[in-house]
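Read the structure below first, then the notes.
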Amino acid sequence: MIVCPHCNHVNPAGTLECQSCHTPLSADTVTPPLVNSATVLQAPVAQLLHQQSQTRIALPRQFTHFRLGKANPRCPPDLDLSGFANAQIVSRVHAEIQQKGQTYYVEDIGSSNGTYINHRLLPQGNCHPLQAGDRIALGKGDLMTFIFQLTKPATD
């Protein structure tokens with residue numbers, strides 16, 4: 001398809017003259033890609049809600065690995081939990097959230113006190129696919145708990 005630069009009429013490919021206004025069309029006429037706005041999906045934004053402080057932590061829009069833990073020089077976490085209450089139960093390298101396409105996973109990556117998903121222990125090395133509303137507890141006793149949330153992206 002060729003869009004007429006004069007009247008924006010959409011002409012079939014190979015047309016030499018606009019079928020609406022008779023403006024000559026050349027081979028170098030730029031044809032913008034047509035975007036059907038109904039089919040464009042906006043990916044939801046993932047965030048963690050720290051349940052004890054009601055702090056919302058937005059995850060980056062695109063990432064492969066997002067580490068949760070405490071500050072350390074060997075493997076600095078993406079989210080340093082040192083400043084949160086009960087941080088003593090969090091390991092320096094505790095858990096990791098992974099994004100694969102539109103799906104998020106959580107994995108315990110060697111913590112001392114375990115990672116619990118909806119009150120069930122997540123064995124080290126196992127990835128759990130996250131659903132909105134899943135409860136991620138770092139350590140026993142729900143002292144450091146996050147709720148995984150998916151929200152609609154902000155519109156301008």
Side-chain angles (χ1 to χ4, degrees), residues 1-5 7-13 29-156:
M1 291 187 210
I2 300 174
V3 177
C4 176
C7 70
N8 292 326
H9 179 78
V10 178
N11 297 282
T29 301
V30 176
T31 303
L34 297 176
V35 177
N36 182 351
S37 62
T39 60
V40 175
L41 299 176
Q42 295 204 1
V45 177
Q47 66 180 13
L48 298 173
L49 171 65
H50 182 245
Q51 196 166 29
Q52 288 77 22
S53 68
Q54 296 297 302
T55 303
R56 294 182 192 281
I57 302 156
L59 299 178
R61 286 199 178 262
Q62 296 290 326
F63 64 92
T64 54
H65 304 277
F66 188 82
R67 290 194 174 132
L68 308 175
K70 291 193 294 193
N72 69 87
R74 291 185 58 205
C75 188
D78 296 302
L79 178 58
D80 181 4
L81 300 170
S82 300
F84 287 83
N86 301 312
Q88 71 276 6
I89 64 168
V90 177
S91 297
R92 287 177 280 180
V93 179
H94 198 110
E96 182 174 86
I97 296 176
Q98 301 168 10
Q99 181 183 23
K100 297 176 183 172
Q102 298 299 315
T103 305
Y104 297 88
Y105 299 87
V106 64
E107 177 182 359
D108 185 295
I109 52 175
S111 71
S112 298
N113 294 316
T115 300
Y116 295 80
I117 306 299
N118 301 324
H119 303 287
R120 290 189 175 174
L121 179 64
L122 178 64
Q124 287 185 13
N126 286 3
C127 288
H128 174 82
L130 289 169
Q131 302 291 321
D134 276 350
R135 177 186 199 90
I136 304 167
L138 305 181
K140 293 179 181 175
D142 284 333
L143 298 174
M144 178 75 73
T145 306
F146 296 92
I147 305 297
F148 180 75
Q149 298 178 325
L150 294 172
T151 62
K152 292 181 181 178
T155 57
D156 296 329

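These values consider heavy atoms only, across backbone and side chains, with no hydrogens, waters or symmetry-generated copies. Here the structure is a predicted model, which means the values were calculated and not measured.
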Treating [X] as the side-chain partner and [Y] as the backbone partner, does any N or O pair qualify as donor plus acceptor under 3.5 Å?
X      : Y      : answer
Gln124 : Ser111 : yes
Ser112 : Ser91  : no
Gln102 : Pro44  : no
Asn86  : Phe84  : no

How close do [X] and [Y] get, heavy atom to heavy atom, and via which atoms?
X      : Y      : answer
Asp108 : Gly114 : OD2-C, 3.5 Å
Gln52  : Leu143 : CD-O, 3.5 Å
Gly69  : Val90  : CA-CG1, 3.9 Å
Ile89  : Gly139 : CD1-CA, 4.2 Å
Met144 : Ala87  : CE-CA, 3.8 Å
Gln98  : His65  : CG-ND1, 3.7 Å

List for me each residue that meets side-chain hydrogen bond (donor to acceptor under 3.5 Å, both in side chains) alongside Asn118, sequence neighbours excluded, and say none if there are none.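 Listed in chain order: Asp134.
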
Minimum side-chain heavy-atom gap Arg74-Val93 below 4.5 Å: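 Not touching, per the 4.5 Å side-chain cut-off.
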
Side-chain heavy-atom pair His94, Thr115 within 4.5 angstrom cut-off: yes

Around Gln62, counting heavy atoms of other residues, nucleotides and ligands shown, do more than 12 lie under 6.0 Å from its CD?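 No, CD of Gln62 has 12 or fewer neighbouring heavy atoms, counting only those of other groups under 6.0 Å.
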
Any ring-ring contact (aromatic ring centres under 6.0 Å, His included) involving residues 115-146? Give me the pairs, sequence neighbours left out, ordered by first then second residue. His50-Phe146

CA sep, side-chain torsions, deciding dist, call: Asn113, Leu138, side chain to side chain contact (heavy atoms under 4.5 Å, CB included): CA-CA 7 Å; Asn113 294 316; Leu138 305 181; over 6 Å; no

Rounded at 0.5 Å granularity, tell me how far [atom1] in [X] sits from [atom2] in [Y].
X      : Y      : atom1 : atom2 : answer
Phe66  : Leu59  : CZ    : CG    : 5.0 Å
Ile97  : Ile109 : CD1   : CD1   : 10.5 Å
Gln99  : Tyr105 : CD    : OH    : 11.0 Å
Leu121 : Asn126 : CG    : CG    : 9.5 Å

Not counting sequence neighbours, list each pair that qualifies as a salt bridge (charged side-chain N to carboxylate O under 4.0 Å, His left out) and has a residue in residues 86-103.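 The answer is Arg67-Glu96.
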
Run the side chain to side chain contact (heavy atoms under 4.5 Å, CB included) check on Ile117 and Ile136 step by step: do they pass? CA-CA 5 Å; Ile117 306 299; Ile136 304 167; 3.9 Å; yes

Please name all residues satisfying side-chain contact (heavy atoms from CB on, under 4.5 Å) with Ala71, sequence neighbours left out, ordered by chain then number.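 Here the qualifying residues are Asp80, Ser82.
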
Under the rule for salt bridge (charged side-chain N to carboxylate O under 4.0 Å, His left out), what residues qualify as partners of Asp78, not counting sequence neighbours?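 In terms of salt bridge (charged side-chain N to carboxylate O under 4.0 Å, His left out), with neighbours along the sequence ignored, Asp78 is linked to no residue.
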
With sequence neighbours excluded, tell me which residues meet salt bridge (charged side-chain N to carboxylate O under 4.0 Å, His left out) with Arg56.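 In terms of salt bridge (charged side-chain N to carboxylate O under 4.0 Å, His left out), with neighbours along the sequence ignored, Arg56 is linked to no residue.
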
Working note: Leu81 + Leu68, criterion side chain to side chain contact (heavy atoms under 4.5 Å, CB included); need CA distance, chi angles, decisive distance, verdict. CA-CA 7 Å; Leu81 300 170; Leu68 308 175; 4.2 Å; yes

Please assess Leu150 against Tyr104 for the test side chain to side chain contact (heavy atoms under 4.5 Å, CB included), listing each intermediate value before the final yes or no. CA-CA 10 Å; Leu150 294 172; Tyr104 297 88; 3.9 Å; yes

